[in-house]
Every structure is written in C-alpha cells, then in structure tokens.
Amino acid sequence: MKTRFAPSPTGYLHVGGARTALFSYLEAKKRGGQFILRVEDTDLVRSTPEAVQAILDGMAWLGLQADEGPYFQTQRFARYLEVAEQMIAAGSAYRCYCSKLELETMRAQQEANGEKPRYNGLWRDRSDPAPIGEIGVIRFKNPLTGTVHVHDRVRGEVIFQNEELDDLVIWRSDNAPTYNFAVVVDDHDMGVTDVIRGDDHLNNTPRQINMYQALGWAVPSFAHLPMILGPDGAKLSKRHGAVSVLQYRDDGFLPHALLNYLARLGWSHGDQEIFSKHELTTLFSADDVNHSASRFDLEKLKWLNQHYIKTLPAAELAPELTWHLQQRSLTHASKHADDIITALRERAVTLLEMAEKAAVWFTPLAGYDETQYAKQVNATSCAALSALRAKLAALPNWRPDAILTAIEQTLAELSLGMGKLGPIVRLAITGSTTSPALEHTIYLCGSTEALDRIDALLARGAA
RNA sequence: GACCCUAUCGUCUAGAGGCCUAGGACAUUUCCCUUUCACGGAAGUAACCGGGGUUCGAAUCCCCGUAGGGUCACCA
C-alpha cells in the first residue's frame, strides 16, 4: 500500500496542499504503507528551484517525512516518451499535427455553436505522413463511447460519459509530457495504490482511468478531498494573509497545532478535537472525509495552538521558542527558554507572542506607562517596593519560590494586600502593570538587573 | 454554456429513518475565580437552503429548484 503527495513547484506549500499531504501521509501510516513525495515539475516555465525548496522546507517543518523521494518528473522524460511510443505502437495514441491556429478556430467554432470545446479527433485515424517540418504532439485515443466509473472513497461512485472527453495531449511539441499522462506513468511505476488529491482533479480522473486501462495497468484507488476556502468562503489566496505553511511557523504556530487543525478540516472522529500524532495515524481514514469544502478559521487554529502551548512538555516547546527568540535577536534569552515557558505559557496564544513578551527581560527597559505610573507610584507603594528590594537583595537563592516568599513576607510585615505591591513591582521591572505572576516577572529579570530596575524606579519616585 | 461536485449554529463538525425538544468545539454574551494580564469553572444566544415526494415516522432516502464550488489548455 502506498500513497503520494505530488505538488508542482510553482509556489510555496499552502495549507490546502499541506492537508492533502497530511491525509496521504496519515492514510499510509494507518495502513502500514509507504508515503512518497514526487515533485511534478514538467512545466519548465513555471517551476522554480526556490519553490521546490519551499515545499521541502514546509514538509520538514510539519514533520511529514516521506518514505521515498523526492522524485522529480523532469528526470523521467525518457520513460514517459517510451510509454507514449508504446501506446502509438499499440494503437492507443497517435500523432497530431494540428497547428495552434487550427485548434483555436476549432474551439471558437464549437463555442459559437454552444458546444463544449474539445479536440475533434482530426488526426485520430489518419495514416497520411507527417507534414514536413512539423513535430506535432502525441494524443491519447480516448474511447468514443461508454462510461467511466470512478469509485471515489470520499465521493462515492462518479460516472462520466466518454463522449464528454476528448483526445488529450500526452506528449507536447516541446518534448515534454503533460500532467495527466505523467501522473499515470508515475503512479504506476512507483507502485502508488491510493491516490489522495484535491477535488480539482476529480474531472481528470476518468481520462487517467482510460489511460490505465489502455496500458493494461491496475487502476489505483482514488480519494478526492474537498477544498479549503478562505474565511470569506472564497478560494484561498494571498489576499487572505498567511497561506504558506512556513508563514504559520513565522507567526508562532506549532507544527502540531496546524496539523491537528488541518486534520479536523474535512475530517472528524466524533466530538474529539485534540489529536496526538499517534491518534491521527491510528484513527484517520480517507473513508471518513467530508464531502463539502470548508473555511479556514484562524481563531480555531489559535485556540489549538494555545492549547498545545499550555499542555506540551517544556522540553518540546523550548526548541520552537528558541527559534523565535533567535529570529528576534534575543539569542541570550534562549538559555532561559524553560523559565520563559513557565511564566508565559498561559498568557501567549503563539510562540511569537511569547518571544515578544519575553523581550522585556532581555532588552533595556524602554520606559514606563506614564498613566499607570501616576496612578501607582506613591509613598506607600514606594515604601513597600523598597522593603521588598531589601529582602530580594538578601536572597541566597535567586529562585521564583524564594522570591515569592520574600513578597509574602514583605506584605505581611507591612500589612498590605498584593494590590499595593504588585503594580509598582510590575512597573519597575517591565514598565507596565501587566505581566506574569510577580515571582516569575522578578526572577526572569535576573537578580542584578531586577534590583537595578527597582532602584531606577525608586530614584525617580523620590525625585 | 457543457460536464462534475457540494449544501446542519457566524465557523469546524456529530448525525448513516425513530435515541434529535438536533450534540460537541471555536468565536460571542453573562456570571464566578483572581494582585495585573491570562488560565480555569458555570450558564446563555445560535443551525437541518426551498419545494415536492417515499414512509406510521426524514436532518437522514428520492426528485425538482436555488445557491456555492470545480473542470473544460501543447498548466498542474
């Protein structure tokens, strides 16, 4: 049993492609099969090495490791031509020498007559020699009559009339195969048993099945996934913001959060929302995929991301957070990743947010929130702060629990509530009155820096 | 235009003829917890596209509309 993900490298890996890859991957893992990656780069003009790299990077970040590949179609042209020529010899394909102009007139005329535009089979049964100097193309001799039954694992049985189909080009005049042909040859040669791909290929499937049959090859099983739409119900595009999976990485999402979110888009397992990777690989089945397109909802993705930030072991989060800290040139904060996670995991929806919030401890204080300063700094609070400072300075161990004890003792000695001390400490350390639990806020600053910041506020308060 | 696909709360979905006064999750509203910001807890608002059948009974099956989407290339 084998599945594949076969993107064409004309852009980055977007969420729709990522979900197709995920479902193919899961189906293979679930059934103990192989998952292969094939780059469909037969369009020499639109394919770029940058896009190949972007797709590979996206797959790697998501952790969708292929068992084979990546294969490149551009390296298999000899094989495609070999098969095309075999088909000519067997009478299931033929050369066509129609010019672009002829084709265009044909189409224009059909459209004028209100017919479906398609190749009329002009060269299908001609045996006269090729026009001099013409290279021509090779076309597949599609059956004229009868029906093609597609047994789709998500759509059920879909029936197409051969009359609706025409003789498609399988080998172009610029010596390259076309998509519909290369796919058939590759899926056969590579032993792909289960084709899982986007909805937009459903209409190509009967043509491909006809080619499998002409070649005497076994037809694989098909599953056509519904599309992922933008939040407004329109097709996903750059206008909707982050469509590249790597953009989600940059925005602070965990790969597993995206995976979990994507899995639930078009697929479900009862009321379950949270799935570990192991659960996905055991529970997923292409048979359970929905029929209708779904919209991408960033809010739910955020919820999942926050869920994983809250619950994943710090050891798993630390490398991801470190990456973000480094992106923000907070390299020296990396060794405190675990402490940052402890302080902020319930206060950040994304890792990017976490890294941004962590910056207050590792960059010079920018200044105070003056409105809060005016409200919170007074004789009482300054006295409390300086009492706390004395205790902090005397601390043998700079640990959160010890700091918390110091805070509690200070409050007890002065008979004050936390409300009298909290705001001014936050102001001193972070410049604002919003921050994580006090002991972590102070602790993460480091003893020297924390005391300096307290002194700075006290000095200004006294003046 | 032709062919193909789809249709349950704002969104993701459960639902495979009676278990449905339609369940869960996100979002939203209110309340509780609380030193800030959060986390957490409780409650609430909110949906079967329309019309015909079939059946004792339909969100579920059939037909017709309607609305979305996809495909009709020497792109993939």
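Just so it is clear, the values below take in all heavy atoms, side chains as well, and ignore hydrogens, waters and symmetry mates. Order of the sequence lines sets the chain letters (A, B, ...), proteins ahead of strands, with each chain counted from 1.
Backbone-only contact: A/Ser268 has heavy atoms under 4.0 Å from sugar-phosphate atoms and none from a base. Among the protein residues, A/Thr433 comes within range of the nucleic acid bases, having at least one heavy atom under 4.0 Å from a base atom. Heavy atoms of A/Thr42 sit under 4.0 angstrom from primed sugar atoms or phosphate atoms, though from no base atom. Here A/Thr178 lies in heavy-atom contact (under 4.0 Å) with sugar-phosphate atoms only. Within 4.0 Å (heavy atoms only), A/Ser8 reaches sugar-phosphate atoms of the nucleic acid but no base atom. When heavy atoms are screened at a 4.0 angstrom cut-off, A/Asp166 is found touching no nucleic acid atom at all. Here A/His224 lies out of heavy-atom contact (under 4.0 Å) with every strand. Residue contacts for A/Arg345: at a heavy-atom cut-off of 4.0 Å it reaches no nucleic acid atom on any strand shown. Note on A/Tyr261: nothing from the nucleic acid sits closer than 4.0 angstrom, heavy atoms only. A/Gly198 comes within 4.0 angstrom of no nucleic acid atom, judged by non-hydrogen atoms across all strands.
Distances shorter than 4.0 Å separate none of the side-chain N or O atoms of A/Asn113 from OP1 or OP2 on B/rA2. Under 4.0 angstrom from either OP1 or OP2 of B/rC5 there lies no side-chain N or O belonging to A/Asn203. A close approach under 4.0 Å does not occur between any side-chain nitrogen or oxygen of A/Arg172 and OP1 or OP2 of B/rA73. Put simply, A/Ser294 has a side-chain N or O that comes within less than 4.0 Å of OP1 or OP2 on B/rU13.
A side-chain N or O of A/Asn180 and one of A/Gln208 form a donor-acceptor pair less than 3.5 Å apart. Between the side chains of A/Arg197 and A/His224, at least one donor N or O lies within less than 3.5 Å of an accepting N or O.
Of the nucleotides present, B/rU30 is the one that pairs with B/rA42 by Watson-Crick or G-U wobble criteria, both distances under 3.5 Å. The nucleotide B/rC37 finds no pairing partner, because no Watson-Crick or G-U wobble arrangement with both distances shorter than 3.5 Å includes it. Under the Watson-Crick and G-U wobble criteria, each requiring two contacts below 3.5 Å, nucleotide B/rG68 is paired to B/rC5. The base-pairing partner of B/rA47, taking Watson-Crick or G-U wobble contacts with both distances under 3.5 Å, does not exist among the strands shown. Summarising the base pairing, B/rA22 is matched to no nucleotide, lacking a Watson-Crick or G-U wobble pair whose two defining distances lie under 3.5 Å.
Residues from residues 134-156 of chain A placing a heavy atom under 4.0 Å of any atom in RNA chain B, listed by number, are A/Val137, A/Arg139, A/Arg155. Contacts with RNA chain B (heavy atom under 4.0 Å) in residues 297-310 of chain A: A/Asp297, A/Glu299, A/Lys300, A/Trp303, A/Gln306, A/Lys310, listed by number.
Interface remark: the A/Arg118 side chain does not form any donor-acceptor pair with the B/rC72 base, using a distance-only criterion of under 3.5 Å. Between the side chain of A/Glu273 and the base of B/rG24, at least one donor-acceptor pair of N or O atoms lies under 3.5 Å. Donor-acceptor pairing under 3.5 Å, judged by distance alone, is present between the side chain of A/Ser173 and the base of B/rC74.
Checked against the 6.0 Å centroid threshold, A/Phe5 and A/Tyr25 do not count as a close aromatic pair. Ring centroids of A/Phe275 and A/Tyr308 are separated by 6.0 Å or more, keeping the two rings apart.
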Determine all donor-acceptor pairs shorter than 3.5 Å in which one atom belongs to a side chain in residues 399-410 of chain A; sequence neighbours excluded.
| from | atom 1 | to | atom 2 | distance (Å) |
| --- | --- | --- | --- | --- |
| A/Arg399 | NH1 | A/Tyr443 | OH | 2.9 |
| A/Thr405 | OG1 | A/Asp401 | O | 2.9 |
| A/Thr410 | OG1 | A/Ala406 | O | 2.6 |

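Here ring-ring contact (aromatic ring centres under 6.0 Å, His included) pairs that include residues 94-124 of chain A, with residues two or more places apart or in two chains, are A/Tyr97-A/Trp123. Every pair passing ring-ring contact (aromatic ring centres under 6.0 Å, His included) that includes a residue from residues 155-180 of chain A is listed here, sequence neighbours excluded: A/Tyr179-A/His201.
Every residue two or more places apart in sequence or in another chain was checked for a salt bridge (Lys or Arg N to Asp or Glu O under 4.0 Å) with A/Lys277, and none qualifies. Every residue was checked against the salt bridge (Lys or Arg N to Asp or Glu O under 4.0 Å) condition with A/Asp271, not counting sequence neighbours, and none meets it. With sequence neighbours excluded, the residues that form a side-chain contact (heavy atoms from CB on, under 4.5 Å) with A/Ser221 are A/Arg153, A/Asp194. The side-chain contact (heavy atoms from CB on, under 4.5 Å) test applied to A/Pro436 returns A/Ala343, A/Leu344, A/Arg347, A/Trp361, A/Thr441, not counting sequence neighbours. Under the salt bridge (Lys or Arg N to Asp or Glu O under 4.0 Å) criterion, A/Arg345 pairs with no residue, sequence neighbours left out. Applying the side-chain contact (heavy atoms from CB on, under 4.5 Å) rule to A/Thr371 yields the partners A/Asp369; only residues at least two apart in sequence or on another chain are considered.
Glycosidic torsion of B/rC20 falls outside 90° of 0, placing the base in anti.
Between A/Asp271 atom CG and B/rA22 atom P there is a gap of 16 Å when expressed in whole angstrom units.
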Close N/O contacts between protein and nucleotides 32-35 of chain B (under 3.5 Å):
| from | atom 1 | to | atom 2 | distance (Å) |
| --- | --- | --- | --- | --- |
| B/rU35 | O2 | A/Arg426 | NH1 | 2.6 |

